[in-house]
Number of protein chains: 2
Amino acid sequence: MKLQQLRYIWEVKKHDLNVSATAAHLYTSQPGISKQIRLLEDELGVEIFARSGKHLTRVTSAGEVILERAGEILRQVASIKQIADEYSNDASGRLSIATTYTQVRYVLPKILSTIRERYPDVSLHIRQGTTEEIGELATAGEVDFAITPEVVDRFPELIMMPCYEWNRCVVVRPDHPLASTKRLAFEDLERYPLVTYDAGFRERLPVDSDDETPPDLNIAMSAVDTDVIKTYVRLGFGVGVIATMAYDPGNDDDLVALDASHLFTPSTTCIGCRKGTFLRKFMLEFVELFAPHLTAAVVRQAFATSQARERDELFRDVLLPHR
Amino acid sequence: MKLQQLRYIWEVKKHDLNVSATAAHLYTSQPGISKQIRLLEDELGVEIFARSGKHLTRVTSAGEVILERAGEILRQVASIKQIADEYSNDASGRLSIATTYTQVRYVLPKILSTIRERYPDVSLHIRQGTTEEIGELATAGEVDFAITPEVVDRFPELIMMPCYEWNRCVVVRPDHPLASTKRLAFEDLERYPLVTYDAGFRERLPVDSDDETPPDLNIAMSAVDTDVIKTYVRLGFGVGVIATMAYDPGNDDDLVALDASHLFTPSTTCIGCRKGTFLRKFMLEFVELFAPHLTAAVVRQAFATSQARERDELFRDVLLPHR
DNA sequence: CCCCATTACGTAGCACGTAACAATG
DNA sequence: CATTGTTACGTGCTACGTAATGGGG
């Protein structure tokens, strides 16, 4: 068994069992991959991929389990390289983050600038996606960190750590009837068409209602991207509901922002990464810059705690003094 | 990075940094190992072993972390082979167990005979040791199963499952004053020298005393091996305290056995194996033979539950109908 | 008929073994 | 001086690339 063989089966699966495409992506020949897979299967005495004639049609049941382990091995190999890099040159490396548009656009710039200053030799890689995609990227080990604008617990391989709570605000054109409202009421929002984040992208608007009446909101338009929302608010499509941190007093003063923190339950932004990830110095610094209570010590402790419940307790204790 | 290189550094560490000895054990040349280790270190840009002159003196700090990951990789590789074996020929393979003398001698024979009948092509491997050694063997992945005569929670990598409770009995020669005792009292034991299991081997005798007075027992002799204890009881060294299951009515009728279950708190025998172990069909059958409530479904669920507390609850529920 | 995996074959690289060397205690 | 790791060197294996072959949809 060779590491390359494991890499090959892993990549072939990732490329939907297309060996040619895999070969192209790995800059190698396709017969080479074919051969190595066959050799591995011969050595193990089990087919990993089922073939119909000359096509790989599906992963066998044995293959499923083997691929899982292979993935784990490849991640460990990657982490060994990280470890080596850390000890040979702790100032260079790679930091990859998957998150949402709002984070990239409004929160990360300042933090990543600081990282760039401190670590000019660390290359930064950002990927955007839905909460679901972010979680999957981190689970697959394709990015180091997942930053989600909500608490997610459906990725058991990830250790998610709460960073900060955020609220929503309402943005309207200055000529909109709501523009002069002092304190926004929920009924105000029901009267006008809304423009806000995609349901499912972020969770549906979490309404803060004591009575259990379902909110009768009219979502006229939704987008994944705060700037798109603002644009359509500017065009008069309706009332925008966005994250408070996405209102930029400098650039957005052609819009009126109204606090809506009393209308919606606050959300919690979380940062997380895969269990077993080797955390490099600059990664720990990044996390601490992003959420000052998540010091290296706290993060290490969270990683040492295998039980989600205990981690929750840890974070509760750590967050308290920061509120 | 090659799998062999990882294997080499792992083995060299295991052989106390002696490359020559490692080479001998792996039936390869020692320059080959030296070279591969150097190559790996060059590739990673970090020394894994610190050298003074021509001797490997210690593992570097980077090496510590790397070796940990390397071990994990090697275990995953082994488990891939297990998986392949399971799918290609689920009736042949290897079953290795680390446990104490009493288990090997009095409990396992019947169970292993059944396994041998059902799976004549499965080779069986038993290793004996103290509770500590058993746990370490299983943690290192050198045996599939650890069977301990007590509950141990100091091996976080192991998933330990309770099997059955057992009590102690007292054995004496027929001419001993206690031989005709109807119901043994604790004071009876205090009057005579005792021969029992090594303290530390099994935990010290767990005394069932309502009053908190420390027991005033006179351990005249201790051994790891029940047969040794019996032998010395036969020679008149004193009163033997052994596990009930270790009294064999057929062979031991030259000794008188007295129930002592009311004098000592019962112990719980546990079986466990390393997290992430791929459990073969015959392994699951073995576990179920050993502890009928630990069916394949229960074991799988235990493995799927990462949190020790939740596992405890699971076992509590599963054990109830069996008591 | 195109796409794709397998087979065939040649080559370059490398892992491994033997032998000589160096350093340590 | 014995033990142990490193360097030097030769060889056989094998991974990989190119080219040709064969099956499926």
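Fair warning: this is a prediction, and the values are worked out from it, not measured in the lab. Labels below follow one simple rule: chain letters A, B, ... track the order of the sequence lines, proteins then strands, and each chain is numbered from 1. Below, all heavy atoms of this structure are taken into account, side chains as well, without hydrogens, waters or symmetry copies.
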Problem set entry | Single hit among Arg75(A), Arg127(A), Arg94(A) for salt bridge (Lys or Arg N to Asp or Glu O under 4.0 Å) with Glu142(A) |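 Answer after filtering Arg75(A), Arg127(A), Arg94(A): Arg127(A).
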Problem set entry | For Gly272(A) against Met160(A), the heavy-atom pair lying closest together |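 The pair with the smallest heavy-atom distance is CA-SD, 3.6 Å.
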For this session: Could you pull out the closest heavy-atom pair between Tyr197(B) and Thr226(B), with the gap in Å?
Result: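 Heavy-atom minimum between the residues: OH-OG1, 3.1 Å.
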Report which part of the nucleic acid [X] touches: base, sugar-phosphate, or nothing (heavy-atom distance under 4.0 Å, all strands).
| X | value |
| --- | --- |
| Leu17(A) | sugar-phosphate |
| Gln30(A) | base |
| Phe49(A) | nothing |

Between [Y] and [X], is the closest basic N to carboxylate O distance under 4.0 Å?
| X | Y | answer |
| --- | --- | --- |
| Lys2(B) | Glu43(B) | no |
| Glu285(A) | Arg118(A) | yes |
| Asp227(B) | Arg105(B) | yes |
| Arg51(A) | Glu41(A) | yes |

Exercise. To the nearest 0.5 Å, what is the distance between CD1 (Ile134(A)) and CZ (Phe145(A))?
Worked result: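 Between atom CD1 of Ile134(A) and atom CZ of Phe145(A) there are 14.0 Å.
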Problem set entry | Backbone of Gln76(B) reached by a side-chain donor or acceptor of Ser79(B) within 3.5 Å |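 Yes, Ser79(B) side chain to Gln76(B) backbone: donor-acceptor pair under 3.5 Å.
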For this session: Using chain A heavy atoms and a threshold of under 4.0 Å, write down where along DNA chain C the contacts begin and end, 5' to 3'.
Result: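 The footprint of chain A covers dC4(C) to dT7(C).
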Exercise. Starting at the 5' end of DNA chain D, which residue's closest nucleotide do you reach first, Tyr27(A) or Ala21(B)?
Worked result: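 Its nearest nucleotide being more 5', the pick is Ala21(B).
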For this session: Assign each of Thr28(A) and Ser20(B) to its nearest nucleotide of DNA chain D by heavy atoms, then name whichever residue's nucleotide is nearer the 5' end.
Result: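 Its nucleotide being nearer the 5' end, the pick is Ser20(B).
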For this session: Considering only heavy atoms of chain B and a distance under 4.0 Å, specify the first and last nucleotide of DNA chain D in 5' to 3' order that meet this criterion.
Result: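 Listed 5' to 3', the contact boundaries are dT4(D) to dT7(D).
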Exercise. So how far off straight is the helix from dC1(C)-dG25(D) to dG25(C)-dC1(D), going by the axes through five pairs at either end, to 10°?
Worked result: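 Nearest ten degrees gives 40° for this helix.
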Problem set entry | Beyond-backbone contact of Ser96(B) with Asp144(B), side-chain heavy atoms, under 4.5 angstrom |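 Sidechains of Asp144(B) and Ser96(B): in contact.
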Exercise. Is there side-chain contact between Lys275(B) and Leu158(B), with heavy atoms separated by less than 4.5 Å?
Worked result: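 Of all side-chain heavy-atom pairs linking Leu158(B) with Lys275(B), none is under 4.5 Å.
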Exercise. So which one's nearest nucleotide on DNA chain C is more toward 5', Lys35(A) or Leu56(A)?
Worked result: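 Whichever sits nearer the 5' end wins; that is Leu56(A).
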